[in-house]
Amino acid sequence: MRWSRYFLYTLKEDPAEAQAPSHKLLLKAGFIKQVSAGIYEVLPAGWRVLRKIENIVRKEMDRSGAQELLLTVLNPAELWKETGRWDTYGSELFRLKDRNGREYCLGPTHEEEITDLVRKVINSYRQLPVTLYQIQVKFRDEKRPRFGLIRGREFIMKDAYSFDADEFSATMSYENMKFAYDRIFKKLRLKVIMAEASVGQIGGTQSHEFIAFTPYGEAKVGYCENCGYAANAEIIPLQKPKEEEEEEKPMEKVHTPKVKTIEELSEFLKVPPSKIMKAVLYMVKDSQPVLVLIRGDREIDENKLEAVLGTEDFRLATDEEVQNLLGTSKGFIGIFNLPENIKVLWDNSLYGVKNLVVALNQPDWHYINVNPERDFQYGEFVDIAQVEEGDPCPKCGSPLKVQTGLELGHIFLLGTRYSEPMKAYFTDPSGEEKPIIMGCYGIGISRIMAAIVEQYHDEKGIKWPTPVAPFELAILCLNMSDPELTQTAEKLYIEAEEKGIEVIYDDREESAGFKFADADLVGFPYRIVVGKKVKEGKVELQKRATGERWDIPIEEVIDKVKEMIAEDKK
RNA sequence: CGGGGUGUAGCUCAGGUGGUAGAGCGUCGGCUUUGGGAGCCGAAGGUCGCGGGUUCAAGUCCCGCCACCCCGACCA
């Protein structure tokens, strides 16, 4: 490809709307263009990358025995009504009507459709197991699209679905997919951790997430370097700590005017936050008040709280509700003089803390040196604290590491969550009708492009790993008005093409510095610089990943690059 | 959905107290230059997000709407 003819235009300045490095660089280097919030066009160079990612995924899926097909974007509402998700999926579903008023949605995921397809085709255990997959555009009307390709409303995803006759076979399919995922992320050169995850809205019995560490992710992962345990932080259990051994001091009432936050209180009373009881009032289903108590240095994990409450329909109480129910204001909620109808949950972190600071349920007053048994009785203990760095590993007790990351893949052992309501049954060898056991396996293809940039970039631009680079080699002719240079560059370009290298030849009438900067930004893994050294029969070969440079005789350089590329792709 | 912010040239931005719209970069033409986003000369390019209002006069003041970005909750 000649760059002078190629639809690849870079930006000189950082795009104002982008924050995340991947978002910024993909826009700046001309890979994507924004059309609307969370909706992007993928330009030729970007599409080359995306197709390479797709093909790596496709190859490994095929290798695992899965079969590719293509489902639809436009899904009829009836299928979604069968599983109840037409109502429960909520406003994230893009809904529309056809000219006859029939309802459809733009598929955000395809469990319903695939189950419908399979039930129409499969009747017998002889047809099982089977795993089907597709690579397809999906639509989700996200509450908050952000960070470019990281969370879009329209995006490309690979989704696979397994169908098995029994639990054991289903588990085999699931494990098989785990291995395929492992191979995929290795080939993509992504550093990814597999973490146990909650099954969430999709439902099912087992689930794992594949998470790439980057600060721009939505997932928080806790992992143990000692035993290898890793899980989404929201499902990592935290036990009661050991009882503190501390002399109990006499309880005292202290005037704390306008001291509302834990921080202020800690400062005011010269007491560490871990000695303060934090009390937060929630309203469940808009009506049932639940008081959540947790140690002052801890945060509530609302995902854990949801699990404890058994509903997602809860929210923080408003100032008025706190006033009406407790006769106090936020910041002065405590455990004394509570009305009868309030449910109280104690987080494990509060167990055994001595000489606590507790609010009175009366503005501007706190008690200090409050002690269990002597001054109050514990209530129901639950686990609702956010996991933090250094918390004990639930498997081996070693301190956990906690990092944020981007969820690139998510696999679920679904069981009969979809096959049962949709009546996807088969007949087993004894003639009995049974629901098919399903699994589903997603990989965010467009998101992977962003994740790779997150993990492979520097201040100058992107550093594509060779297997996913838009071009493997760029040839830069530094002076287009010097025939000796253009002829050499031309010759090398043709040789590279003939030898099967994906090459872009920068034949634009631009200055040397301009071409260097562009090549760095776009991120080609290898670069041949055709410049002054041509007089000595040499050109310079540069490797983007490491910055290494070599002067190589013109006749040898293409073979040399070819070798290096082959090595990278192994 | 709650909170904050921004919308002026292709891009990044400037335009006190209202008075005919600017810069840098990019683009086009010309000359010069060619190993890290070159220099000089010239030119083109704008319903100032949209609608309404106040005013002799609105990019600027008022009201409404829209779009986009950021934080939070939620999600791949």
Side-chain angles (χ1 to χ4, degrees), chain A residues 9-20 23-24 27-28 30 33-39 89-93 108-109 138-159 197-198 200-202 207 209-212 216-219 232 234 282 299-303 305-306 312 314-316 318 405-412 440-448 450-451 460-461 476-482 484-486 508-521 527 529-534 539-540 542 547 549 551:
Chain A
Y9 299 96
T10 58
L11 270 32
K12 198 162 192 174
E13 305 199 49
D14 281 357
E17 74 265 25
Q19 293 287 315
H23 189 194
K24 208 179 277 185
L27 284 168
K28 196 176 176 186
K33 273 270 188 278
Q34 181 168 22
V35 172
S36 165
I39 301 179
Y89 211 92
S91 45
E92 235 138 84
L93 203 56
T109 176
K138 306 226 174 189
F139 297 84
R140 290 182 196 172
D141 196 357
E142 289 290 341
K143 284 173 191 159
R144 180 142 102 92
R146 55 171 165 171
F147 303 143
L149 261 32
I150 287 179
R151 184 185 289 115
R153 295 192 295 169
E154 172 178 329
F155 53 95
I156 298 175
M157 200 165 153
K158 185 281 305 181
D159 51 321
S198 103
Q201 302 239 359
I202 292 194
S207 167
E209 290 169 334
F210 293 78
I211 291 165
Y216 288 91
E218 75 284 271
N232 192 310
E234 70 197 39
Y282 281 90
E299 297 297 325
I300 294 168
D301 187 325
E302 294 196 346
N303 291 299
L305 183 58
E306 180 182 330
E312 55 175 338
F314 63 89
R315 56 168 173 84
L316 286 172
T318 63
L406 237 192
E407 191 178 331
L408 298 181
H410 202 160
I411 61 177
F412 300 84
C440 77
Y441 317 88
I443 286 186
I445 300 284
S446 12
R447 179 177 263 202
I448 281 176
K460 290 178 182 167
L476 276 52
C477 180
L478 294 193
N479 185 354
M480 292 306 291
S481 50
D482 181 338
E484 195 183 1
L485 296 196
T486 52
R508 298 173 300 174
E509 301 278 353
E510 295 289 353
S511 70
F514 186 96
K515 292 188 179 185
F516 282 126
D518 251 6
D520 285 336
L521 175 61
R527 172 195 314 176
V529 180
V530 180
K532 282 174 180 163
K533 289 163 194 153
V534 166
V539 289
E540 186 178 275
Q542 297 184 10
R549 304 172 178 201
D551 287 336

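Please read these numbers as outputs of a predicted model, since none were measured by experiment. Protein chains get the first letters and strands the later ones, always in sequence-line order, with residue 1 at the start of each.
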I want to verify a distance call: between [options], whose nearest atom is closest to the [X] side chain?
| X | options | value |
| --- | --- | --- |
| Lys460(A) | C75(B), G36(B), C70(B) | G36(B) |
| Ala512(A) | G35(B), C68(B), C70(B) | G35(B) |
| Glu142(A) | G35(B), G37(B), C75(B) | C75(B) |
| Glu92(A) | C68(B), G36(B), C75(B) | C75(B) |
| Phe147(A) | G37(B), C13(B), C71(B) | C71(B) |
| Ser511(A) | C74(B), C69(B), A38(B) | A38(B) |

N/O (side chain, [X]) to phosphate O (OP1/OP2, [N]) under 4.0 Å:
| X | N | result |
| --- | --- | --- |
| Arg146(A) | G72(B) | yes |
| Ser36(A) | C68(B) | yes |
| Arg144(A) | C71(B) | yes |
| Gln542(A) | G35(B) | no |
| Lys12(A) | C11(B) | no |

Donor-acceptor pair present, [X] side chain and [N] base, under 3.5 Å:
| X | N | value |
| --- | --- | --- |
| Ser481(A) | U33(B) | no |
| Asp518(A) | G37(B) | yes |
| Glu540(A) | G35(B) | yes |

How long is the gap from [atom1] on [X] to [atom2] on [Y], to the nearest 0.5 Å?
| X | Y | atom1 | atom2 | result |
| --- | --- | --- | --- | --- |
| Leu408(A) | Ile443(A) | CG | CD1 | 8.5 Å |
| Glu142(A) | Ser91(A) | CD | OG | 10.0 Å |
| Met157(A) | Ile445(A) | CE | CD1 | 9.0 Å |
| Glu302(A) | Arg315(A) | CD | CZ | 12.0 Å |

Base-pairing mate for [N] - Watson-Crick or G-U, with both contacts under 3.5 Å:
| N | result |
| --- | --- |
| A67(B) | U6(B) |
| G42(B) | C28(B) |
| G37(B) | none |
| C75(B) | none |
| C56(B) | G19(B) |
| U47(B) | none |

Using a 4.5 Å cut-off on heavy atoms from C-beta on, say whether the side chain of [Y] contacts that of [X].
| X | Y | answer |
| --- | --- | --- |
| Ile150(A) | Leu406(A) | yes |
| Met480(A) | Lys515(A) | yes |
| Phe516(A) | Leu478(A) | yes |

Taking atom [atom1] in both [N] and [M], compute the distance separating them and give it to the nearest angstrom.
| N | M | atom1 | result |
| --- | --- | --- | --- |
| C31(B) | U12(B) | P | 33 Å |
| C48(B) | G7(B) | P | 15 Å |
| U17(B) | U60(B) | P | 11 Å |
| C70(B) | C13(B) | P | 14 Å |
| A58(B) | C40(B) | P | 39 Å |
| C65(B) | G10(B) | P | 29 Å |
| C28(B) | A44(B) | C1' | 7 Å |
| U55(B) | C41(B) | P | 48 Å |

For RNA chain B, whose closest nucleotide is more 5', that of Glu302(A) or that of Leu11(A)?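 Final value for this comparison: Leu11(A).
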
Between Gly148(A) and Arg508(A), which is nearer to the 5' end of RNA chain B once each is assigned its nearest nucleotide?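 Nearest nucleotide further toward 5': that of Arg508(A).
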
Is the base of G37(B) stacked against the aromatic ring of Phe514(A), taking ring centres under 5.5 Å apart and planes under 30° as the test?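 It does not: the ring fails the test against the base of G37(B).
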
Contact class for [X] (heavy atom, under 4.0 Å): base, sugar-phosphate, or nothing?
| X | answer |
| --- | --- |
| Phe314(A) | nothing |
| Glu17(A) | sugar-phosphate |
| Gly442(A) | nothing |
| Lys533(A) | base |
| Leu521(A) | base |

Just the rounded figure in Å: distance from C1' of C1(B) to CG of Asp141(A).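 Rounded to whole Å, this separation is 12 Å.
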
Would you mind reading off the distance between Asp482(A) atom CG and U33(B) atom C1', rounded to a whole angstrom?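 Those two atoms, CG and C1', are 13 Å apart.
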
Walk me through it: do Lys533(A) and Glu540(A) pass the test salt bridge (charged side-chain N to carboxylate O under 4.0 Å, His left out)? CA-CA 8 Å; Lys533(A) 289 163 194 153; Glu540(A) 186 178 275; 3.1 Å; yes

